[in-house]
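Here the structure comes first, spelled out in structure tokens, and everything after it is commentary.
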Amino acid sequence: MLKESYQLLINGQHCDSNTGETFVTYNPATGEPLAKIASASKEDVDRAVAAARAALETGKWSRYPASRRGQILNRIAQIMRERFDKLVELEVLNSGKALSAAKGQVMQAIEDFEFYAGATTTLSGETIPVPNGFFNYTLREPVGVCAQIIPWNYPMMMAAWKIAPALAAGCTVVLKPASLTPITALVLGDICLEAGVPEGVVNVITGSGATIGSYLAQHPGVDKVAFTGETTTGKDIMRRASETLKRVTLELGGKSPNIVFDDADLDAAVDGSLFGIFYNTGQSCEARSRLFVHERIYSQFVERFVEKAKKLRVGDPFDPNTHVGAVISAKQEEVIDGYVKLGLQEGATLLYGGKRPEGEAFSKGHWYMPTILADVTNDMRVAQEEIFGPVVVIIKFSDEKDVIRQANDTIYGLAAAIWTKDFAKAHRVAAAVKAGIVMLNSPFSAFPGLPFGGYKQSGYGRELALETLNLYTETKSVLSYIGEKPLNPFGV
Ligand code: NAP
Ligand code: MG
């Protein structure tokens with residue numbers, strides 16, 4: 001299934017970059033090269049945007065009956081189901097994530113297509129009452145050519161979150177996956193074609209974000225940019241997109257609080273908090289990386305949390321028993337280790353981890369142990385900056401108001417988890433935290449259909465939900481005069 005080399009997908013054709021340039025993508029768990037990937041030039045971007053534009057203007061996709069678009073989205077999902085094991089294998093190879101995590105994410109990608117397959121037929125306008133003699137209706141039209149730029153942490157799932165609603169809304173797409181993990185997005189592009197999406201509707205281009213990503217974000221042929229990635233990249237994209245006032249949706253970073261009250265079910269809170277940070281090797285935008293623990297249960301909770309963290313198996317991503325896979329790159333490993341050292345300088349106490357795991361299994365590739373820093377205060381840099389690795393900081397709190405204030409004392413606002421048996425308190429705190437996604441006594445944050453996105457510098461716009469279709473459509477209001485006498489408003 002893994003090929004030696006992958007080409008660009010432009011206008012339904014596989015092609016090399018016009019410069020012939022390529023780059024190599026690696027297996028993070030071994031550091032070994034996996035495949036050669038075409039490195040698109042700006043001319044290739046122009047061609048991809050032109051193909052998407054032409055496919056949009058002919059209406060060859062948007063004018064399909066909605067039910068037929070839905071049928072094709074279902075067909076994409078069906079092909080993905082048939083090739084599930086192979087897609088999971090490619091995802092694990094290219095991302096180093098644990099098999100169990102990859103399975104869940106590929107399954108969610110499938111379910112996203114199925115969700116939006118159904119959603120296509122919900123898209124419709126309205127008739128709105130207007131003064132006598134007039135008649136109004138609204139149309140929901142595709143927003144146009146969408147540039148979609150995605151990160152490396154959930155390669156296939158992010159591609160699905162982007163492509164599925166765009167196709168449901170009748171848009172055309174130029175998708176740019178992260179350079180570290182381009183393979184499954186390219187494969188998904190092929191599946192779209194195979195399922196019956198017309199040529200030029202989904203184009204996938206690979207290459208440097210700094211060069212072609214930024215070029216795409218300011219391209220005059222693009223109507224909308226949907227981006228998931230770092231907050232700093234998001235700001236740059238927004239600036240570039242403003243030149244032609246493109247529609248922009250941004251899913252950015254986070255430093256999400258995980259709040260454990262003294263009346264929580266301790267076992268559930270320990271297990272959920274563990275998953276909340278160490279799932280996907282901590283490389284999740286919604287990772288609950290700030291763990292607030294009530295002072296009355298602090299020592300008890302922390303002791304159990306550390307004990308359970310020691311049971312997490314780090315290692316071979318293909319081993320079904322592995323909990324924590326590899327870190328994406330050497331650079332990311334360095335960043336993570338740098339933050340842990342910084343935390344110690346800032347006065348944190350290392351309770352577990354803080355280094356690369358030892359042993360033959362870790363002699364190659366990029367790894368970091370689940371790491372727990374205690375005695376952290378919310379003003380430390382390790383509590384304010386996104387680390388994007390398996391590192392949790394523990395902060396002690398004394399009362400509800402105080403923890404809400406601290407939880408909100410961050411530039412981010414993506415997610416928050418709350419552990420308590422007092423449901424009035426749970427809903428009070430859920431209302432008070434500034435976050436787009438709140439989890440009550442649960443570590444899970446995303447199901448198809450539920451809006452996903454952030455407050456503050458975690459971005460704006462919501463993905464994964466019906467309302468996402470609003471962000472892939474424009475509303476056109478059509479007002480007509482239906483009176484018997486001709487109108488003569490100037491009276492001349
Ligand atoms: P990133 O460095 O911002 O890169 C994301 C994508 O943008 C990649 O495809 C990258 O291409 C491209 N890119 C880089 N510079 C660009 C520029 N100047 N203009 C246009 N595109 C550019 O993010 P990452 O390191 O891949 O991913 C980690 C981040 O994603 C974290 O901050 C995480 O919180 C965030 N994230 C958020 C969500 C969410 O839903 N809120 C979900 C997942 C991840 P190259 O790969 O070629 O550099
Ligand atoms: Mg990055």
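The structure presented is a predicted model; accordingly, all values stated were derived computationally and were not measured. When a ligand or atom number is given, it counts from 1 through the structure's own listing order.
- In terms of modelled atom types and a separation under 3.5 Å, the side chain of R53 and the main chain of G221 share a donor-acceptor contact.
- Figure legend: K355 and Y368 shown without cation-pi pairing, the cationic atom not lying both under 6.0 angstrom from the six-membered ring centre and within 45 degrees of its axis.
- With a 6.0 Å radius and a threshold of 12 heavy atoms from other residues, nucleotides or ligands, K456 has its NZ atom above the threshold.
- Within 6.0 Å of the CD atom in E57, the count of heavy atoms belonging to other residues, nucleotides or ligands exceeds 12.
- Annotation: salt bridge (Lys or Arg N to Asp or Glu O under 4.0 Å) contacts involving residues 427-440, sequence neighbours excluded, comprise E400-R428.
- Without hydrogens or angle criteria, K103 side chain to V88 main chain gives no donor-acceptor distance under 3.5 Å.
- Considering only residues two or more places apart in sequence or on other chains, K3 meets the side-chain hydrogen bond (donor to acceptor under 3.5 Å, both in side chains) condition with none of them.
- The tally of protein N/O/S atoms under 2.8 Å from the Mg ion (ligand 2) stands at 1.
- Between F305 and Y352, the gap from one ring centroid to the other reaches at least 6.0 Å.
- At most 12 non-hydrogen atoms from other residues, nucleotides or ligands lie less than 6.0 angstrom from CE of M238.
- Protein residues with a heavy atom closer than 4.0 Å to ligand 1 are I149, I150, P151, W152, N153, K176, P177, A178, S179, G207, S208, G209, A210, G213, S214, F227, T228, G229, E230, T233, D236, I237, E251, L252, G253, C285, E386, F388, L414, F452, listed by chain and number.
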